[in-house]
Amino acid sequence: MSDAALAPDGAPSSVVGRRVHVKVPATSANLGPGFDTLGLALALYDDLEVEATDAAAHEISVHGVGEGEVPLDESHLVVRAMAHTFARAGVEMPSVRLVARNSIPHGRGLGSSGAAIVAGVIAASGLLEGIVDFSADDLLEVATELEGHPDNVAPALFGGLTIAWVTPDGPRHKKLIVHRGVSPLVLVPEHEMSTALARSLQPESVPHEDAVFNVSRSALLVAALIQSPELLLQATEDKLHQHYRAQAMPETDRLIRELRAAGHPAVVSGAGPSILVLASDPSERAEAIRLVEQAAETAWQPLPLAVDFLGATVTRADG
Ligand code: HSE
């Protein structure tokens with residue numbers, strides 16, 4: 001999105017009547033040692049239709065997850081992300097008619113806020129097609145500005161396994177294809193966890209040996225996920241975040257310990273409280289589900305999910 005690409009007149013009339021269909025995957029960030037860096041896109045989606053209108057106000061409806069809970073005005077996260085993207089493009093934000101059909105659970109560590117932000121960013125980019133064009137780096141930068149860190153928005157945008165890092169010129173990513181011998185299982189509890197609370201539990205600094213521990217495990221984890229799934233149990237060890245946050249999600253912590261003791265590569269999904277098991281095959285998933293059913297004191301929903309390889313899609317729907 002170079003300055004030269006800015007819309008000549010900044011008028012919203014050029015996009016009125018345009019309509020896009022957007023689909024964004026859930027994501028699991030951190031994956032154990034890869035704090036704020038690694039993320040995996042999962043085949044569970046929020047679907048949205050967005051039309052630019054010349055009405056006086058936005059018209060928003062939400063079905064499925066978040067229905068009756070999320071705001072239906074300009075403070076809706078998808079609309080805020082659209083407004084931010086239009087502002088970055090130098091084009092006035094139009095009113096929108098937005099219909100969201102959501103499946104990604106909120107507040108569970110499955111990237112729902114990152115998905116809403118990515119939905120808004122790519123909906124805006126779709127509506128602006130041919131007026132202002134965005135590169136992949138532009139999309140990641142705009143989404144990261146809103147999310148604060150790139151590890152959920154990168155896999156939501158691009159799919160697969162992503163390594164995301166921040167440079168003086170903005171966030172960057174590398175997408176990798178996950179080995180077919182990796183079968184993710186997400187275990188979702190009934191209660192939520194606030195990412196802000198989880199982040200407030202992180203210390204200002206960590207021991208040098210813990211940093212070295214995580215450098216070795218996160219390097220190994222990339223190899224394990226793309227080439228050597230048999231290394232996943234060792235490769236998902238972490239000393240940078242899960243231990244500090246355990247007090248805020250004690251059952252998550254206890255179940256992960258039990259799963260790992262039984263040989264399953266289990267980690268906190270994102271900031272929690274869900275658990276991600278990077279199982280090697282469907283029978284390992286079934287064993288992990290049985291273990292959690294027996295050991296848990298509250299209800300946990302098992303979601304055996306494929307890796308999403310495509311990332312977010314946006315399709316013009318106005319013909
Ligand atoms: N890396 C982030 C965290 C993911 O663990 O705080 C959740 O947004």
Side-chain angles (χ1 to χ4, degrees), residues 24-42 44 46 65-66 77-78 80-81 104-121 140-158 160-166 171-174 184 186-189 191-206 210-211 213-215 217-218 221-222 225 236-250 252-253 256 266-276 278 305 308 311-312:
V24 186
T27 54
S28 184
N30 300 331
L31 311 182
F35 184 68
D36 277 1
T37 301
L38 298 179
L40 192 61
L42 298 168
L44 177 69
D46 284 351
V65 177
L77 188 50
V78 174
R80 278 199 282 140
I104 305 173
H106 288 177
R108 305 300 208 292
L110 287 169
S112 62
S113 67
I117 289 166
V118 164
V121 170
L140 181 61
E141 181 172 345
V142 176
T144 303
E145 282 167 359
L146 292 166
E147 176 79 338
H149 38 86
D151 52 334
N152 283 108
V153 293
L157 276 166
F158 307 116
L161 165 68
T162 53
I163 305 171
W165 67 100
V166 178
R172 297 288 183 266
H173 83 285
K174 171 67 185 167
V186 178
L187 296 145
V188 185
H191 58 281
E192 297 188 13
M193 171 81 193
S194 135
T195 298
L197 170 62
R199 292 186 84 82
S200 75
L201 298 171
Q202 292 292 142
E204 284 292 319
S205 58
V206 296
D210 289 357
F213 183 97
N214 269 55
V215 169
R217 298 317 190 273
S218 54
L221 180 53
V222 172
L225 282 169
T236 46
E237 293 178 318
D238 155 66
K239 291 194 177 183
L240 283 192
H241 64 104
Q242 295 174 110
H243 149 81
Y244 296 111
R245 296 168 163 184
Q247 57 180 278
M249 37 186 153
T252 297
D253 180 56
I256 286 177
V267 296
V268 177
S269 181
S274 295
I275 294 171
L276 171 71
L278 291 166
L305 296 172
D308 169 278

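Ligands are counted one by one from 1 in listed order, and the atoms in each one are counted from 1 as well.
Between the side chains of Thr37 and Asp151, no donor-acceptor pair of N or O atoms lies under 3.5 Å. No hydrogens or angles considered: a donor-acceptor pair under 3.5 Å links the side chains of Ser28 and Ser269.
Under a 4.0 angstrom heavy-atom cut-off, Arg245 registers as being in contact with ligand 1. The shortest separation from a heavy atom of Arg199 to ligand 1 is under 4.0 Å, placing the residue in contact.
Both the backbone and the side chain of Asp36 come within contact range of ligand 1, each with a heavy atom under 4.0 Å.
For the pair Pro273 and Glu192, the minimum side-chain heavy-atom distance is 4.5 Å or more. Here the side chains of Thr236 and Leu31 are not in contact, with every heavy-atom distance at 4.5 Å or above. Using a 4.5 Å heavy-atom cutoff, the side chains of Arg199 and Asp36 are in contact.
The ligand atoms of ligand 1 that sit less than 4.0 angstrom from a heavy atom of Phe35 are 3 (C), 5 (O), 6 (O). Within the listing of ligand 1, atoms 4 (C), 7 (C), 8 (O) sit less than 4.0 angstrom from a heavy atom of Asn152. Of all atoms in ligand 1, listed by their number and element, those nearer than 4.0 Å to a heavy atom of Asp151 are 1 (N), 2 (C), 4 (C).
Of the protein's non-hydrogen atoms, His149 CE1, 2.9 Å is the one closest to atom 8 (O) of ligand 1.
For a threshold of 3.5 Å applied to N or O pairs, the pair formed by Asn30 and ligand 1 contains at least one separation below that value.
With hydrogens and angles disregarded, a donor-acceptor distance shorter than 3.5 Å links the side chain of Asn30 to the backbone of Gly270.
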